[in-house]
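All values below come from the heavy atoms of this structure, side chains included, with hydrogens, waters and symmetry mates left out.
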Amino acid sequence: MKFGIITFPGSNCDYDCHQAVEEGLGLKPVRIWHRETDLQGCDCIILPGGFSYGDYLRTGAIARFSPVMQKVKDHAERGGLVIGICNGFQILLESGLLPGAMMVNRGLQFVCKTVNLSVERNDLAFTNKLAKKQVIRIPIAHKEGNYYIDQKSLKELEDNKQVVFRYCDRNGQISDADNPNGSLNNIAGIVNKKGNVLGMMPHPERAMEELLGSDQGRLIFDSIKAHLQKTG
């Protein structure tokens, strides 16, 4: 079982992800530079948060052209697991591995705080340790997390049950008041149709210990590990 963490110029959460895998799961992750074209047999690829290429043009718009991304696409096509966190989510959108786009938060401000998320699906490799409609607390830190997609595609996304996490209140109620960035339908995380590529704006790697304010991000990493143990 191998986790690979890709570092782009400007990534700043790659070490946090490394610590989450190494100390949280007890596994030794592989570090992969964005110019490499060998995923070294990794089962799960993590695209971490940060500001790849300084977020010039648009967030993730340049990173999509990094040599390693074609290998990530091939890995996903074969059914391999990919999780993009924050900037990693933005890169997945720009690369076409997930549908939609990110806009600047509706308040036009960088938002950094811990939010509540409603778990919409628990039948995925990323969520099998969670309960459906469970509320978990995970931090966010972004300026462009306002998820957008056209109405026809949004309906398809909802009909296909591709929304995995939504912003909500502590009781799981979903309302605009608890939407930190203006995302359509309070979307905080989505998955592709095959269910093997997840993008999410909140940072589970920053919620691995109660000392940090929440240890509920660990459930996502534990889910991936459990899935890989089950599937060999």
Please walk me through it: do Ile187 and Leu157 pass side-chain contact (heavy atoms from CB on, under 4.5 Å)?
CA-CA 11 Å; Ile187 289 173; Leu157 202 68; 4.0 Å; yes
Under the 3.5 angstrom rule, does the side chain of [X] hit a backbone N or O of [Y] as a donor-acceptor pair?
X	Y	answer
Thr114	Ile138	no
Asn128	Ile224	no
Gln90	Glu144	yes
Asp74	Arg78	no
Asn122	Leu130	yes
Gln134	Val119	no
Thr37	Val68	no
Arg218	Met208	yes
Glu36	Trp33	yes
Asn196	Leu81	no

Using side-chain hydrogen bond (donor to acceptor under 3.5 Å, both in side chains) as the criterion, point out the one residue from Glu156, Glu158, Gln162 that pairs with Asn160.
Gln162
When Asn181, Asp178, Asn116, Asn185 are each screened for side-chain hydrogen bond (donor to acceptor under 3.5 Å, both in side chains) with Tyr167, the one that passes is Asn181
Should the pair Arg31 and Tyr15 be classed as cation-pi, given the thresholds of under 6.0 Å to the six-membered ring centre and 45° from the axis?
yes
Would you say [atom1] of [X] has more than 12 non-hydrogen atoms from neighbouring residues, nucleotides or ligands within 6.0 angstrom?
X	atom1	result
Glu77	CD	no
Lys2	NZ	yes
Lys152	NZ	no

Please give me the minimum heavy-atom distance between [X] and [Y], naming the atom from each residue.
X	Y	result
Leu117	Pro202	CD1-CG, 3.7 Å
Pro48	Cys17	CB-SG, 4.0 Å
Ala207	Arg137	CB-O, 4.2 Å
Ser118	Cys168	N-SG, 3.4 Å
Ser175	Asn186	O-ND2, 2.9 Å

Going through the checks in order, is the side-chain contact (heavy atoms from CB on, under 4.5 Å) test met by Thr59 and Asn87?
CA-CA 7 Å; Thr59 51; Asn87 191 228; 4.2 Å; yes
Consider only side-chain heavy atoms of I, L, V, M, F, W and Y, link residues closer than 4.5 Å, and tell whether [X] and [Y] are in one cluster.
X	Y	answer
Ile174	Ile149	no
Tyr148	Val111	yes
Met102	Phe51	no
Met1	Ile45	yes
Leu27	Val30	yes

Can a side-chain donor-acceptor contact be found between Asp16 and Gln19 if the only test is distance below 3.5 angstrom?
no
So, Gln109 and Asn105: side-chain donor and acceptor under 3.5 Å apart, yes or no?
no
Could you list the donor-acceptor pairs under 3.5 angstrom formed by side chains in residues 225-232, with sequence neighbours left out?
from, atom 1, to, atom 2, distance (Å)
Lys225, NZ, Leu25, O, 2.8
Thr231, OG1, His227, O, 2.9

Any chance you could measure [X], atom [atom1], to [Y], atom [atom2], to the nearest 0.5 Å?
X	Y	atom1	atom2	value
Met69	Lys73	CE	NZ	6.5 Å
Ile5	Glu22	CD1	CD	9.0 Å
Phe165	Met200	CZ	CE	4.5 Å
Gln216	Glu210	CD	CD	7.5 Å
Thr7	His18	OG1	NE2	9.5 Å

Determine whether Leu219 and Thr127 make a side-chain contact, defined as any pair of heavy atoms from C-beta on separated by less than 4.5 Å.
no
Non-hydrogen side-chain atoms of Val197 and Leu98 separated by less than 4.5 Å
yes
Residues Leu92, Leu47; criterion side-chain contact (heavy atoms from CB on, under 4.5 Å); working and verdict
CA-CA 8 Å; Leu92 291 177; Leu47 276 62; 4.0 Å; yes
Asp14 vs Ser11, side chain to side chain donor-acceptor pair (under 3.5 Å): CA-CA, chis, key distance, verdict:
CA-CA 6 Å; Asp14 44 345; Ser11 295; 5.2 Å; no
Take the angle between the ring planes of Tyr53 and His34 and call it parallel below 30°, perpendicular above 60°, tilted in between.
perpendicular
Under the side-chain contact (heavy atoms from CB on, under 4.5 Å) rule, what do Tyr147 and Leu93 come out as? Steps first, then yes or no, please.
CA-CA 10 Å; Tyr147 181 77; Leu93 296 173; 4.1 Å; yes
Using a strict 4.0 Å threshold on nitrogen-to-oxygen distance, state whether Arg106 and Asp176 make a salt bridge.
yes
Tell me whether Glu120 is salt-bridged to Lys133, with the criterion being a basic N under 4.0 Å from an acidic carboxylate O.
yes
